[in-house]
Amino acid sequence: MDMAGLLGQSLFMPHDHHSHDDPHALLPSDPALRVKALETLLTKKGLIDPAALDEIIDTYENKIGPRNGARVVARAWSDPKFHAALMEDATAVVADLGFYGRQGEHMMAVENTDTVHNIVVCTLCSCYPWPLLGIPPGWYKSDAYRARVVREPRKVLADFGVTLPEETAVRVWDSTAEMRYLVIPKRPEGTEDLDEEALMALVSRDSMIGTGLAGGS
């Protein structure tokens with residue numbers, strides 16, 4: 001389908017996991033239950049402070065982790081050669097920057113434009129580019145997000161405060177163990193004179209998943 005055929009449509013890019021309807025999907029995984037039990041035990045013994053633990057998790061989820069991805073986006077915005085290389089082979093480019101390892105072995109960059117807005121999900125688990133974005137947010141792993149974003153992506157975007165023009169197509173990418181995605185958000189207008197550090201400050205975790213816009217608007 002050509003670009004004109006994309007306009008105003010919502011496209012879903014499925015992965016090759018076998019489908020399943022697990023009646024226990026609402027429950028945390030066995031490792032998650034074990035971690036929660038251990039956390040409860042250590043808290044009762046006074047060995048950890050839940051508030052301090054929450055702060056550490058927030059740091060890695062919202063500050064340290066996403067800065068790696070933000071650096072990639074900022075450089076793509078400001079360096080045409082880097083941008084071209086990233087779009088051609090994101091895996092190699094981010095590895096050269098030191099952002100590689102488990103959960104980030106195979107990467108693909110997808111770019112938001114005036115005609116296409118990309119959004120990422122993992123419909124059957126929680127595949128996520130940890131080296132670039134840090135710890136996945138709870139909503140990304142929720143059954144509600146995983147199901148709704150495929151069926152009604154515009155409504156999900158509206159829930160996150162993102163309203164797109166009708167002529168902008170929404171493309172949903174389904175992550176797998178074989179491929180994870182980094183959304184390159186549209187660069188905000190009026191940022192031509194900003195350096196890389198200043199551009200990074202405009203890039204949020206959500207904008208690199210596709211549930212937000214760069215600059216917070």
Using 0.5 Å steps for rounding, measure from the [atom1] atom of [X] to the [atom2] atom of [Y].
| X | Y | atom1 | atom2 | result |
| --- | --- | --- | --- | --- |
| N68 | M200 | CG | CE | 8.0 Å |
| H117 | L213 | NE2 | CG | 6.0 Å |
| M108 | S175 | CE | OG | 11.0 Å |
| D143 | T123 | CG | OG1 | 11.0 Å |
| I184 | L86 | CD1 | CG | 5.0 Å |
| I135 | S126 | CD1 | OG | 12.0 Å |

Compare all side-chain heavy atoms of [X] with those of [Y] and state whether any distance is below 4.5 angstrom.
| X | Y | answer |
| --- | --- | --- |
| V72 | L182 | yes |
| V183 | I119 | no |
| V120 | Y140 | yes |

When you look at CD of E88, are more than 12 heavy atoms from neighbouring residues, nucleotides or ligands closer to it than 6.0 Å?
no
Counting only heavy atoms from other residues, nucleotides and ligands, does the tally under 6.0 Å from CD of E189 exceed 12?
no
Donor-acceptor pair, side chain of [X] and main chain of [Y], under 3.5 angstrom:
| X | Y | answer |
| --- | --- | --- |
| N112 | N118 | yes |
| S78 | A74 | yes |
| T91 | M107 | yes |
| R205 | P66 | no |

Does a donor on one side chain and an acceptor on the other come within less than 3.5 Å for S142 and R146?
no
Which heavy-atom pair separates [X] from [Y] by the least distance, and what is that distance?
| X | Y | answer |
| --- | --- | --- |
| S207 | V203 | OG-CG1, 3.7 Å |
| V162 | G212 | CG2-CA, 3.9 Å |
| H106 | E178 | CB-O, 2.9 Å |
| A177 | C127 | N-SG, 3.5 Å |
| A90 | A109 | CB-N, 3.7 Å |
| P185 | W77 | O-NE1, 3.0 Å |

Restricting to salt bridge (Lys or Arg N to Asp or Glu O under 4.0 Å), what partner residues turn up for [X], sequence neighbours left out?
| X | result |
| --- | --- |
| D114 | K186 |
| R75 | E196 |
| R148 | E152, D159 |

Where do T168 and T115 land on the side-chain contact (heavy atoms from CB on, under 4.5 Å) test, with the steps shown first?
CA-CA 5 Å; T168 300; T115 56; over 6 Å; no
What verdict does the side-chain contact (heavy atoms from CB on, under 4.5 Å) test give for R71 and L97, after you've listed the backbone C-alpha separation in whole Å, the side-chain angles of each residue and the deciding distance to 0.1 Å?
CA-CA 10 Å; R71 186 171 299 280; L97 293 176; 5.7 Å; no
In this structure, would L132 and V93 fall into the same cluster of hydrophobic residues linked by side-chain contacts under 4.5 Å?
yes
Classify the ring geometry between Y181 and W173 as parallel (under 30°), tilted (30 to 60°) or perpendicular (over 60°).
tilted
Between Y145 and F160, how do the two ring planes meet: parallel, tilted or perpendicular, split at 30° and 60°?
perpendicular
Before giving the answer on side-chain contact (heavy atoms from CB on, under 4.5 Å), spell out for V110 and R171 the whole-Å C-alpha distance, their side-chain angles and the decisive distance to 0.1 Å.
CA-CA 10 Å; V110 293; R171 181 176 294 175; over 6 Å; no
Could you go through the salt bridge (Lys or Arg N to Asp or Glu O under 4.0 Å) check for E111 and R187 one step at a time?
CA-CA 10 Å; E111 186 172 26; R187 180 172 179 167; over 6 Å; no
Walk me through it: do T191 and L199 pass the test side-chain contact (heavy atoms from CB on, under 4.5 Å)?
CA-CA 8 Å; T191 61; L199 289 173; 4.0 Å; yes
